[in-house]
Amino acid sequence: ANSKNLALFQESIMDFVAENGDNVIGNVSFDDVPGNLMSDLLTAFSQGKKATGSSAPDDDLKLMRVGELRKRLHDKGLCVDGSRETMIALLRENSASDETAAEER
């Protein structure tokens, strides 16, 4: 699988676990889950809370879905390939360089 589909697949799994937490708890061991996956799981949970009325800011990159991150990257003419972390880092890097360029004018 390429990294574009892998990020979407991972996000779908995390959404499922976040939405079905009652059925997952006690049936799945999280002992050996890497920290970055736990972070993604908490992101999926937070996205669910955001969708039901949480007051998280709309532009918080950490809570954006993979599709939203890719759209922002595409709109800026940047590479849309990579993991969620890679896309967020690229958007932040680009934002920082945009701000620096604006200050120099």
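Throughout, residue positions are numbered sequentially from 1 according to the sequence presented.
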**Message:** Testing the basics here: between V66 and E11, what is the closest heavy-atom pair and its distance to 0.1 Å?
**Reply:**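 Taking every non-hydrogen atom into account, N-OE2, 2.8 Å.
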**Asked** For G82 and A7, which heavy atoms make the closest approach, and how far apart are they?
**Response** O-CB, 4.0 Å
**Prompt:** What pairs with R92 under salt bridge (charged side-chain N to carboxylate O under 4.0 Å, His left out), at least two apart in sequence or on another chain?
**Reply:** none
**Message:** Whether the side chain of R72 engages the backbone of I88 through a donor-acceptor N/O pair (distance < 3.5 Å, no angle test) should be reported.
**Reply:**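 Checked: no pair found.
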Could you tell me the separation between the [atom1] atom of [X] and the [atom2] atom of [Y], rounded to the nearest 0.5 Å?
X	Y	atom1	atom2	result
E85	L61	CD	CG	12.5 Å
N94	L78	CG	CG	4.5 Å
I13	L8	CD1	CG	11.5 Å

**Asked** After noting the C-alpha distance and the side-chain angles of L91 and K76, does the key distance pass the side-chain contact (heavy atoms from CB on, under 4.5 Å) rule?
**Response** CA-CA 9 Å; L91 282 168; K76 292 178 179 261; 4.0 Å; yes
**Request:** Kindly state each residue pair satisfying salt bridge (charged side-chain N to carboxylate O under 4.0 Å, His left out) with at least one member in residues 21-36, sequence neighbours excluded.
**Result:** none
**Item:** Any residue meeting side-chain contact (heavy atoms from CB on, under 4.5 Å) with F30, in chain and number order, not counting sequence neighbours
**Value:** V17, V24, V28, V33, M38, L41
**Request:** Report the residue from R65, K71, R70 that forms a side chain to side chain contact (heavy atoms under 4.5 Å, CB included) with E68.
**Result:** R65
